[in-house]
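See structure below.
In what follows, residues are counted from 1 in the order of the sequence shown.
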Amino acid sequence: MYELHIANKNYSSWSLRPWLLMKALNIPFAETTHQFQGNNNADVFQHFSPTGRVPVLYDGAMAIWDSLAIAEYLAEIHAGVWPEEYQARAWARCAAAEMHAGFTRLRTMCPMNCGIRVKLTALPPELNADLARLDALWQQGLTQFGGPFLAGPDFSAADAFYAPVVFRVQSYGLPRSAAAQRWCQTMLALPAMEEG
């Protein structure tokens, strides 16, 4: 059985992504949660993580670190990680990679914390730019592939990679289009999201 090493999913968007992906696709795994240790995370996590960071997936003795690498590893073995249709699959991979590498203003200005509700009094231009790109991306996927998930009728890794943004939308009351709001509601209704 896989073993997934993560931190608290309420605060660690990186941990939430592979956890949600595996839960939603019914891929069995054992979960080991580690507490953040401030500036000492790398030192404390070094005994199970090559980078001193989470998440890390173990398949036997083999460690797969980084949320995107975990998704790709699982896709080699399990159906449903990426859409079956090749154009939807290509789009989903691009979207996941963009989330993985981008949206730094959103990450820094609206930190992940599922338990808070904050009304932002102003949206700086940098944050507005990230939110506009998110909305355009989500609308593109929903329109092109028909929804209700980002890359078509079935949940995929693309949805898992944007799941932390759903919680940020909820926490900070971030603006979104009607289509984006429907996708957020679809995500929040997933049993794995409710469990997380």
Distance from Asp66 atom CG to Thr51 atom OG1, nearest 0.5 Å? 8.0 Å
Honestly curious: do Ile70 and Leu21 fall in one hydrophobic cluster under the side-chain, below-4.5 Å linking rule? yes
Can you name the side chain to side chain donor-acceptor pair (under 3.5 Å) partners of Glu98, sequence neighbours left out? Arg133
Minimal non-hydrogen separation, Ser13 against Arg168, with atom names: CB-NH1, 4.1 Å
Quick one: side chains of residues 108-124, donor-acceptor pairs under 3.5 Å with protein atoms, not counting sequence neighbours, listed by atom name and distance.
unit_1, atom_1, unit_2, atom_2, d
Thr108, OG1, Thr104, O, 3.0
Thr108, OG1, Arg105, O, 3.2
Asn113, OD1, Gly115, N, 3.1
Arg117, NH1, Cys114, O, 3.1

What's the separation between atom OG in Ser156 and atom CZ in Arg93, rounded to the nearest 0.5 Å? 10.5 Å
Can you check whether Arg182's main-chain N or O pairs, donor with acceptor, with Thr186's side chain at less than 3.5 Å? yes
Closest non-hydrogen contact found for Ala192 with Leu20 is CB-CD1, 3.4 Å
Is Ile27 linked to Leu4 within one hydrophobic cluster, defined over Ile, Leu, Val, Met, Phe, Trp and Tyr using a side-chain heavy-atom separation of less than 4.5 Å? yes
Is the shortest heavy-atom distance from the side chain of His34 to the side chain of Val44 under 4.5 Å? no
Side-chain polar contacts of residues 142-154 - donor-acceptor pairs under 3.5 angstrom, sequence neighbours left out - could you list them?
unit_1, atom_1, unit_2, atom_2, d
Thr143, OG1, Gln139, O, 2.8

Carefully, step by step, assess Leu74 and Leu57 under the rule side-chain contact (heavy atoms from CB on, under 4.5 Å). CA-CA 10 Å; Leu74 292 172; Leu57 179 71; 3.9 Å; yes
For Arg107, I'd like to know if atom CZ has over 12 heavy atoms of other residues, nucleotides or ligands within 6.0 Å. yes
What are the two closest non-hydrogen atoms of Ala180 and Arg176, and how far apart are they? CB-CB, 3.8 Å
Minimum heavy-atom separation for Ala95 and Tyr162, please, with both atom names. O-OH, 2.7 Å
Do Phe29 and Ile6 share a hydrophobic cluster, counting only Ile, Leu, Val, Met, Phe, Trp and Tyr and linking them when any side-chain heavy atoms are less than 4.5 Å apart? yes
Lys9 with Glu31: basic N within carboxylate O range, under 4.0 Å: yes
Given Asp159, which partner from the list Arg17, Met193, Met187 fulfils the side-chain contact (heavy atoms from CB on, under 4.5 Å) test? Met187
Show the numbers, then the answer: is there a side-chain contact (heavy atoms from CB on, under 4.5 Å) between Val165 and Leu106? CA-CA 9 Å; Val165 180; Leu106 175 64; 4.1 Å; yes
Pairwise side-chain contact, Trp91 with Leu137, heavy-atom cut-off 4.5 Å (strictly under): yes
Relative to each other, are the rings of Phe161 and His100 parallel, tilted or perpendicular (30° and 60° limits)? tilted
Sorted by chain and number, sequence neighbours left out, side chain to side chain donor-acceptor pair (under 3.5 Å) with Ser12 holds for Ser15
Kindly compute the distance separating CE (Met99) from CZ (Phe103), expressed to the nearest 0.5 Å. 6.0 Å
Residues 55-80 vs ring pair (Phe, Tyr, Trp, His ring centres under 6.0 Å), sequence neighbours excluded, gives Tyr2-His78, His5-Tyr58
If you measure from SG on Cys184 to CZ on Phe167, what distance do you get to the nearest 0.5 Å? 10.5 Å
Less than 4.0 Å between a side-chain N and a carboxylate O, is that true for Glu84 and Arg89? no
Just jot down the side chain to side chain donor-acceptor pair (under 3.5 Å) partners of Trp14, sequence neighbours excluded, or say none. none
For Phe36 and Ala7 the tightest heavy-atom approach is CZ-CB, 3.3 Å
Cluster check Phe155, Trp138: I/L/V/M/F/W/Y, side chain < 4.5 angstrom: yes
Rounded to the nearest 0.5 angstrom, the OG-CG distance for Ser177 and Leu131 is 11.5 Å
Membership question, hydrophobic clusters at under 4.5 Å side-chain separation (ILVMFWY): are Met22 and Leu190 in the same one? yes
